[in-house]
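As a basis for the values below, the full set of heavy atoms in this structure was taken, side chains included, without hydrogen atoms, waters or symmetry mates. This chain uses plain numbering: 1 for the first residue, then up along the sequence.
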Amino acid sequence: MKSSFDLNRQNRSTESKIVVALERISEAFRVLLWNESKDNSLSPIQIQLLIFLLFHSQEKCKISYLASEFNMTKATISDSVRVLISKGLVIKEADLIDTRSFTISLTSQGKQLAEKSSFFASPIEKPIEKLTEEQKTIILNGLLKMIYDLNKAGIITIQRMCFTCSYYNADNGIHFCNLLNTKLAESEIRVDCPEHEMIS
């Protein structure tokens, strides 16, 4: 089998074209994230950590969870957290239940920077806004199925999407959330749900 980056295969294969298109989009994310991190004298992962801490619950803001979330070692995440602490952007707070553990919280300065940095991907949203609602739904569904399969294959780890949630049901193409007790339209399927419960 030839590589998706082999032009002879790519020009004859829709799958290869999609792989290369996704790689180009991922390059846009890398460039935008790198620019944001440079502007703030931080590394890309440190910016990502600040944004994650801003929008996720305390139980997810622990070194072990963050390591799984970003597919990195605990040591790498710990090093990044140490830098963020030294810059006054985050603090460690002891876990009252497990004294060996602690959560990472944003300081007011860290929250300010996280809020500003959370818009780093806005330029990617602009071309998406020009698509029709039908095009957006088709793209979303295709991407969600890809993420689900990559998660099942162990290539990407933690996912808090509907498809991996114990509250989710699908019957004859109808999506249903047992927590909300409601049908979900294709466009209402969540990529990152705060109430997500992993299927046991």
#### Entry: Atom NZ of K74 with >12 non-hydrogen neighbours under 6.0 angstrom
no
### Task
Is it possible for you to say whether Y148 and L143 belong to one hydrophobic cluster, with membership spreading through side-chain heavy-atom contacts below 4.5 Å?
no
### Task
Could you pull out the closest heavy-atom pair between A114 and L50, with the gap in Å?
CB-O, 3.5 Å
### Query
Minimum heavy-atom separation for F102 to A94, with atom names?
CB-CA, 4.2 Å
### Message
Please check: side-chain N/O of S117 versus main-chain N/O of L113, any donor-acceptor pairing under 3.5 Å?
### Response
yes
### Query
Going through the checks in order, is the salt bridge (charged side-chain N to carboxylate O under 4.0 Å, His left out) test met by E129 and K126?
CA-CA 5 Å; E129 287 169 359; K126 287 189 173 76; over 6 Å; no
### Query
Is S4 close to R9 at the side-chain level, that is, under 4.5 Å between some pair of heavy atoms?
yes
### Message
If you count every heavy atom of other residues, nucleotides or ligands that lies below 6.0 Å from K17 atom NZ, does the total exceed 12?
### Response
yes
### Task
State, with a plain yes or no, whether a side-chain heavy atom of M161 is found less than 4.5 Å away from one of T164.
yes
### Task
Could you tell me the separation between the SG atom of C61 and the CG atom of L53, rounded to the nearest 0.5 Å?
4.5 Å
#### Entry: I139 side chain reached by I128 side chain, heavy atoms, under 4.5 Å
no
### Task
Looking only at non-hydrogen atoms, find the nearest pair between S187 and T137 and report the distance.
CB-OG1, 4.1 Å
### Query
Do the side chain of S37 and the main chain of I47 share a donor and acceptor less than 3.5 angstrom apart?
no
### Message
Is there a side chain to side chain contact (heavy atoms under 4.5 Å, CB included) between H175 and Y168? Walk through the geometry before answering.
### Response
CA-CA 7 Å; H175 307 287; Y168 171 78; 2.6 Å; yes
### Query
Should E69 and R160 count as side-chain neighbours, where that means a heavy-atom distance under 4.5 Å?
yes
### Message
Are I147 and F29 connected into the same hydrophobic cluster when the rule is that any two of I, L, V, M, F, W, Y join if their side-chain heavy atoms are below 4.5 Å apart?
### Response
no
### Query
Thinking salt bridges, do E188 and K183 make one under a 4.0 Å N-O criterion?
no
#### Entry: Between CG on residue N11 and CG on residue D6, distance to nearest 0.5 Å
9.0 Å
### Query
Quick check: are there more than 12 heavy atoms from other residues, nucleotides or ligands sitting under 6.0 Å from CZ of F119?
no
### Message
Is there a path of hydrophobic side-chain contacts, each under 4.5 Å between heavy atoms, that joins V20 and I25?
### Response
no
### Message
Please report the interatomic distance CG(L140) to CD1(I189), rounded to the nearest 0.5 Å.
### Response
8.0 Å
### Task
Supply the atom-to-atom distance Q46 CD to E36 CD, rounded to the nearest 0.5 angstrom.
13.0 Å
### Message
Using the rule that Ile, Leu, Val, Met, Phe, Trp and Tyr join whenever any side-chain heavy atoms are under 4.5 Å apart, tell me whether M146 and L131 fall into a single cluster.
### Response
yes
### Task
Determine yes or no for a side-chain-to-main-chain donor-acceptor pair under 3.5 angstrom, with R12 supplying the side chain and N8 the backbone.
yes
### Query
Would you call L49 and F70 a side-chain contact if the rule is heavy atoms closer than 4.5 Å?
yes
### Query
Between Y65 and H56, is any pair of side-chain heavy atoms under 4.5 Å apart?
no
### Query
Between atom CE of M72 and atom CD1 of I77, what is the distance when rounded to the nearest 0.5 Å?
6.0 Å
### Query
Looking only at atom types and distance, does a side-chain atom of T107 sit under 3.5 Å from a main-chain N or O of L89, one as donor and one as acceptor?
yes
### Query
If you group Ile, Leu, Val, Met, Phe, Trp and Tyr by side-chain heavy-atom gaps below 4.5 Å, do V191 and I155 land in one group?
yes
### Query
Are side-chain N/O atoms of Q58 and S105 paired as donor and acceptor at under 3.5 Å?
yes
### Test item: L179 and E197 side chains (from C-beta on) under 4.5 Å apart, heavy atoms
no
### Ion pair check, K152 and D149, cut-off under 4.0 Å
no
### Message
Strictly below 4.0 Å, N to O, side chains only: are R30 and E27 in salt-bridge contact?
### Response
yes
### Query
Do you know the tightest heavy-atom contact between N151 and I156?
ND2-O, 3.1 Å
#### Entry: From CA spacing to verdict: side chain to side chain contact (heavy atoms under 4.5 Å, CB included), V81, I85
CA-CA 6 Å; V81 168; I85 289 170; 3.8 Å; yes
### Task
Compare all side-chain heavy atoms of K60 with those of F52 and state whether any distance is below 4.5 angstrom.
yes
### Query
Rounded to the nearest 0.5 Å, how far does CD of E186 lie from CD1 of I138?
9.5 Å
### Message
Looking at every heavy atom in both L184 and C177, which two are closest together, and how far apart are they?
### Response
CD1-CB, 3.9 Å
#### Entry: Residue among V31, L32, N35, D39 satisfying side chain to side chain contact (heavy atoms under 4.5 Å, CB included) with F120
L32
### Message
Between D171 and F176, does the side chain to side chain contact (heavy atoms under 4.5 Å, CB included) criterion hold? Intermediate values first, please.
### Response
CA-CA 8 Å; D171 191 23; F176 193 86; over 6 Å; no
### Query
For the residue pair D192 and P194, what are the closest heavy atoms and their distance?
O-CD, 3.9 Å
